[in-house]
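What follows is a single structure, written as structure tokens, with notes after it.
Every number for a ligand or one of its atoms is a count from 1 in the order of the listing. One-based numbering along the sequence shown. Hydrogens, waters and symmetry mates play no part in the numbers below; they use all other heavy atoms, side chains included.
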Amino acid sequence: MQINTFEEYQKAYDKSVKEPEAFWSDIAEKFSWQKKWDNVLEWNFKEPDVKWFINGKLNITENCIDRHLPEKAGTVAFYFEENEIGKPSREITYQQLHDEVCKLANVLKSFGVQKGDRVCIYLPMVPEAVFSLLACARIGAVHSVVFGGFSAQSLQDRINDSSCKVVLTSDGAFRGNKTIPMKPTVDEALKQCSSIEKVLVLNRTGEKVNMQQGRDFEWKEQVSKQSPQCTATTMDSEDPLFILYTSGSTGKPKGVVHSTGGYMVFTCYSFLNVFQYKPEQVYWCTADVGWVTGHSYITYGPLLAGATSVIFEGIPSYPDAGRFWNVVDKYKVNIFYTAPTAIRALEAAGLDYVKPYDLSSLKVLGSVGEPINEEAWQWYYKNIGKEKCPVVDTWWQTETGGILISPLASITKTKPGFATLPLPGVQPVLVDEKGNIIEGNGVEGNLCIQFPWPSILRTTYGDHERCRATYFATYPGLYFTGDGCRRDEDGYYRITGRVDDVINVSGHRIGTAEVESAINQCEDVVESAVVGFPHDIKGQGIYAYCIVPNSLKSHDEIKKEILNCVNKVIGPIARPDKIQIVSGLPKTRSGKIMRRILRKVAEGEINNLGDISTLLDPQVVEEIVKGKI
Ligand code: WTA
């Protein structure tokens, strides 16, 4: 399954385009199927309807765990590094992983969870989070992980959207020097969640929590009663594996649905090839299981490949900015995968935090989640990789399930700021505004993919039309990514950022419409407009223009209220970095907010606002420019 040279990559790529079915079926053969597929692929991007490995039967956890047991029962699947530095690491071998997953799967069964039921996971970055995903998959339940930084209301919306039956959670989370309560947030959310029958609560921080009799159960107590054997439920290749909510340019977050067989094949294939993982290496991805990276490249991809990984509970700045390098040194990490925002923050902290540690184990450095600026790329390459480790800038999305454009470590020649070339099986095209495909090199356009890859999203939960309208309708016949992209003279791809109303804050995708709707719930605000602006560490920051008429409160008080409101409705990750109180917003005669102008002002480009002649009230712009903070 692993490509070893650039020539092999080119050959594999050619075959994947000319004979996609033969190409992917050769790879799929390497997995353990309870029944082989009849046909490899059926698809159209019109409805859309994509099916891979049709009528194949399998369970992904047999491939993640059981398949490895004959050789790897005693091999470490995960090292767990706690938030607090200096704690001994907890090791979980493949055998222990098997037992823990089976016991937890049996708890879910005892709660009445059946194949197809949805289970919400709201946990900190502890091994139990990974066990939870796998326990669901073991019995065919569909997991829906909600990132721990989301508020009660966001959690409630997500639970209700997919009518989850059970929540797996924790009393709280350790995060740097803070202890963050989680169970109280779940309690708040569950006040209006009629589908939830049971809640399993992990004792992590030891804080006293409310336990509702008949609904809430103590994790360890339940798990300890169960058998470490649980027959894996037979799943169809196209049965859903999970839902993961993600923000778009309009409305509430969408539940992106991934199915089983294709996702398995692609996450494993991409993991092995992008990172060039070799047996016995130690791999560490710093993501949280609440995001897709934690699904595909902490849980499924590495386990499918039989890898040994580190799970880290903490944050890069605790107890100081040397923590990542301390962990790399401690576990002799070979492959390290993180986000540009972390790299920039650690770069800003200075080299004194890097120097004390031995980083000579490192072989590959990865980046994900947002464009990596050249300066951060160079700093990472030079000071962390000591100019010996390739930097794989991996471009992908929640919807793509796995990495689509990236160098293959030590195989593809890298170029700072470029995700370089598509993986085999991935056919990117650039299109202009009208949807014409732009041929040739040295061009720029909107990034689309013209052929299905195995881990493409199948639908958005409960609303297939929304999936079609969002991804397949803008340019008929193509999957539209929402990203802008340049293809340079060498045919290398550079992602330039979102072309829709989505902003990327520290690698977190946030829809401006969602933040506006949260702000508008604030009593004193009548209307708001949110845009992104360049931020040194976060990549992009959130800039909110808010109309607050006739309030007796001071601007400071109102700003505080707005921040509280966003905290409550979405969570701390969506708090605006800058708030400007305005008396009006620039609108066209048809009443549309001209975001282009607001973006320019937020970026500080006030002398270059472009054409404002179509504005209803150009004076508003003058006032906004004057009041810019
Ligand atoms: C952005 C995260 C540039 C992009 C895996 C995409 C990137 C969105 C890169 C998806 C990269 C991700 N270079 N931009 N290497 N990786 N993005 O769904 O805008 O949280 O559309 O998935 O992040 O974010 P998501």
Side-chain angles (χ1 to χ4, degrees), residues 145-147 149-150 242-249 253-258 266-267 270-271 274-275 285-301 337-344 365-374 376-377 380 391-407 412 414-423 426 428 446-449 455-457 460 470-471 474 479-486 492-512 514 532 538-540 573-574:
V145 184
V146 178
F147 175 60
F150 281 117
F242 67 85
I243 303 169
L244 187 57
Y245 286 86
T246 191
S247 298
S249 48
K254 303 176 275 289
V256 166
V257 178
H258 281 288
F266 194 78
T267 51
S270 53
F271 173 77
V274 169
F275 300 107
C285 168
T286 67
D288 189 283
V289 79
W291 307 113
V292 73
T293 310
H295 287 58
S296 302
Y297 299 110
I298 289 180
T299 309
Y300 292 109
Y337 191 28
T338 196
T341 187
I343 300 168
R344 288 190 295 262
L365 302 176
S367 170
V368 60
E370 47 174 322
I372 178 165
N373 48 309
E374 179 152 358
W377 194 102
Y380 196 30
V391 173
V392 291
D393 176 4
T394 64
W395 173 83
W396 58 298
Q397 311 178 292
T398 304
E399 295 85 346
T400 69
I403 298 166
L404 296 196
I405 306 183
S406 169
T412 314
T414 59
K415 196 185 276 190
F418 283 76
T420 75
L421 298 172
L423 262 65
V426 177
N446 288 346
L447 179 63
C448 294
I449 317 283
S455 63
I456 186 173
L457 85 160
T460 46
T470 310
Y471 306 106
T474 318
Y479 165 80
F480 176 43
T481 63
D483 281 321
C485 181
R486 191 155 85 78
Y492 269 28
Y493 290 85
R494 180 196 188 105
I495 312 301
T496 50
R498 301 288 305 194
V499 293
D500 54 7
D501 291 320
V502 170
I503 44 189
N504 196 324
V505 183
S506 301
H508 301 157
R509 243 169 98 166
I510 296 175
T512 52
E514 240 182 294
K538 298 177 172 183
Q540 280 188 296
I573 56 168

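A search for side-chain contact (heavy atoms from CB on, under 4.5 Å) contacts involving Val499 returns Asn446, Phe480, not counting sequence neighbours. Partners of Tyr337 according to the ring pair (Phe, Tyr, Trp, His ring centres under 6.0 Å) rule, which considers only residues two or more places apart in sequence or in another chain, are Phe275. Annotation: ring pair (Phe, Tyr, Trp, His ring centres under 6.0 Å) contacts of Trp396 (sequence neighbours excluded): Tyr297.
The minimum heavy-atom distance between Pro253 and Glu514, with the atom names listed, is CG-OE2, 3.5 Å. Here the closest heavy-atom approach between residue Arg509 and residue Arg498 is recorded as CZ-NH1, 4.0 Å.
For ligand 1, the protein residues placed under 4.0 Å by at least one non-hydrogen atom are Val292, Thr293, Val368, Gly369, Glu370, Pro371, Asp393, Thr394, Trp395, Trp396, Gln397, Thr398, Asp483, Ile495, Arg498, Asn504, Arg509.
The CD atom of Gln397 sits 4.0 Å away from the OH atom of Tyr479 when rounded to the nearest 0.5 Å.
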